[in-house]
Amino acid sequence: MVAIKYIFITVNIILCLSFGFGVLAFYKIGKPYVRGYYCFDESISKPLKNDTVTVSALLAFVFTLYPVCILIVEGIKMSNKIKVISTNFIIKVVRHVLHNFWIFIYGAGITMFITDVGKYSIGRLRPHYLTLCKPDWSNINCSYTFGDKAFIVGDDFCRVPNRALLKDARMSFPSGHTSFAVYCATFMILYLQLYPLSIPQRRRFSFLLLFIQVILSCLALFTGLSRVSDYKHHPTDVIAGGIVGLVVAFTIFFNVLKYVDLSSSEKTLSLIPSYHRQLPPVTNDHQLNDIVVK
């Protein structure tokens with residue numbers, strides 16, 4: 001049985017890492033679909049701006065705040081089972097934190113992999129593509145306004161030597177920032193909604209939990225909207241990214257996260273708290289009649 005347990009653990013680790021390797025493979029050797037454009041297309045002639053929400057800031061926020069939140073929740077939850085802080089208590093808390101954070105990483109890898117599949121398959125040009133490309137219009141015949149002759153395919157006329165930037169400019173759909181931010185926010189909202197329900201003092205935390213959930217939603221929304229205002233994505237890119245993040249978060253929740261603690265000693269975990277009155281054990285008919293009258 002022990003051997004089977006470690007086999008399943010190894011398989012789960014491999015599955016989690018596979019999506020990360022997939023994202024890395026896309027980044028290293030992936031080539032987005034080469035989509036053409038028309039001369040002076042206003043939809044891809046927006047100014048080139050810096051990111052309001054950078055990748056480093058988004059990752060730093062998520063991978064700093066989320067482990068702390070999970071640690072606090074797991075610590076409160078375990079303190080209702082084990083009243084004395086001991087080595088056993090700390091080990092159980094750390095194990096639960098690592099387990100839930102690993103589930104979070106698994107979903108994040110799935111989110112980014114699905115996002116990259118869309119980016120490299122569609123190859124949609126970003127709103128600032130022509131500004132970045134700086135085409136040599138003197139070598140392009142723009143006398144045609146429509147049709148195959150007016151359609152320009154490839155980066156041959158671009159005067160930017162940095163091909164990595166041109167590659168990135170062809171990966172607008174869907175928005176990676178949005179899909180990741182929405183996934184992270186939705187995961188934590190569902191996590192906070194699920195686990196405190198097993199805490200006896202959950203009513204004391206209701207307003208705090210709602211506040212945190214609203215703030216997370218606003219941060220995810222701000223991230224997505226900033227991608228449009230920064231001219232990094234079209235509105236439909238952001239909508240598609242949000243859908244990807246939501247679908248993956250709910251899939252992880254209903255297939256993995258919801259049942260994490262059902263294998264432990266706590267069997268009463270439920271999304272809907274029970275309010276049924278527990279009845280005393282019945283030993284004879286007289287006691288049964290008394291309970292019915294009550």
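Residues forming a ring-ring contact (aromatic ring centres under 6.0 Å, His included) with Trp137 (at least two apart in sequence, or on another chain): Phe40. When the side chain to side chain donor-acceptor pair (under 3.5 Å) test is applied to Thr236, the partners found at least two apart in sequence or on another chain are Arg124. With sequence neighbours left out, Asn139 forms a side chain to side chain donor-acceptor pair (under 3.5 Å) with Asp136. Residues satisfying the disulfide (SG to SG under 2.5 Å) test with Cys39, not counting sequence neighbours, are Cys142.
Pairing each heavy atom of Leu15 with each of Tyr106, the nearest pair is O-CE1, 3.9 Å. The minimum heavy-atom distance linking Thr178 with Gly242 is given by the pair CG2-N, 3.6 Å. Here the shortest heavy-atom pairing between Ile140 and Pro135 reads CD1-CB, 4.0 Å. Annotation for Val160 and Leu166: closest pair O-CD1, 3.8 Å, computed over non-hydrogen atoms.
Among pairs with a residue in residues 44-55, those fulfilling side chain to side chain donor-acceptor pair (under 3.5 Å) read Asp51-Arg227, Thr52-Asp230, Thr54-Ser56, at least two apart in sequence or across chains. For the disulfide (SG to SG under 2.5 Å) condition, the pairs that include at least one residue of residues 88-139, sequence neighbours left out, are Cys133-Cys158. Pairs engaging residues 7-23 under the salt bridge (charged side-chain N to carboxylate O under 4.0 Å, His left out) rule: none recorded [sequence neighbours left out]. Applying the salt bridge (charged side-chain N to carboxylate O under 4.0 Å, His left out) rule to pairs touching residues 152-164 yields Asp155-Arg170, sequence neighbours excluded. Applying the salt bridge (charged side-chain N to carboxylate O under 4.0 Å, His left out) test to pairs two or more places apart or on separate chains, none has a residue in residues 94-104.
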Under 3.5 Å, side-chain donor or acceptor atoms of residues 179-190 against the rest of the protein: list the pairs with distances, not counting sequence neighbours.
from	atom 1	to	atom 2	distance (Å)
Ser179	OG	Thr115	OG1	2.9
Ser179	OG	Ser175	O	3.3
Ser179	OG	Gly176	O	3.0
Tyr183	OH	Phe104	O	2.8
Tyr183	OH	Ala108	N	3.4
Thr186	OG1	Val182	O	2.7

Atom pairs and distances, donor-acceptor, side-chain atoms in residues 20-37, under 3.5 Å, two or more places apart:
from	atom 1	to	atom 2	distance (Å)
Arg35	NE	Ile122	O	3.2
Arg35	NH2	Ile122	O	2.9

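Counted within 6.0 Å of CZ on Phe250, heavy atoms from surrounding residues, nucleotides or ligands total 12 or fewer; the atom is thus considered open.
Hydrophobic cluster of Val238: the remaining members, joined at side-chain heavy-atom separations below 4.5 Å, are Val228, listed by chain and number.
Separating the CE atom in Met171 from the CG atom in Leu125 is a distance of 11.5 Å, to the nearest 0.5 Å.
Between the side chain of His233 and the backbone N or O of Ser172 there is at least one donor-acceptor pair closer than 3.5 Å. Within the 3.5 Å criterion, the main-chain N or O of Tyr38 finds no donor-acceptor partner in the side chain of Asp41.
Using a 4.0 Å cut-off between charged side-chain N and carboxylate O, Asp168 and Arg126 make a salt bridge.
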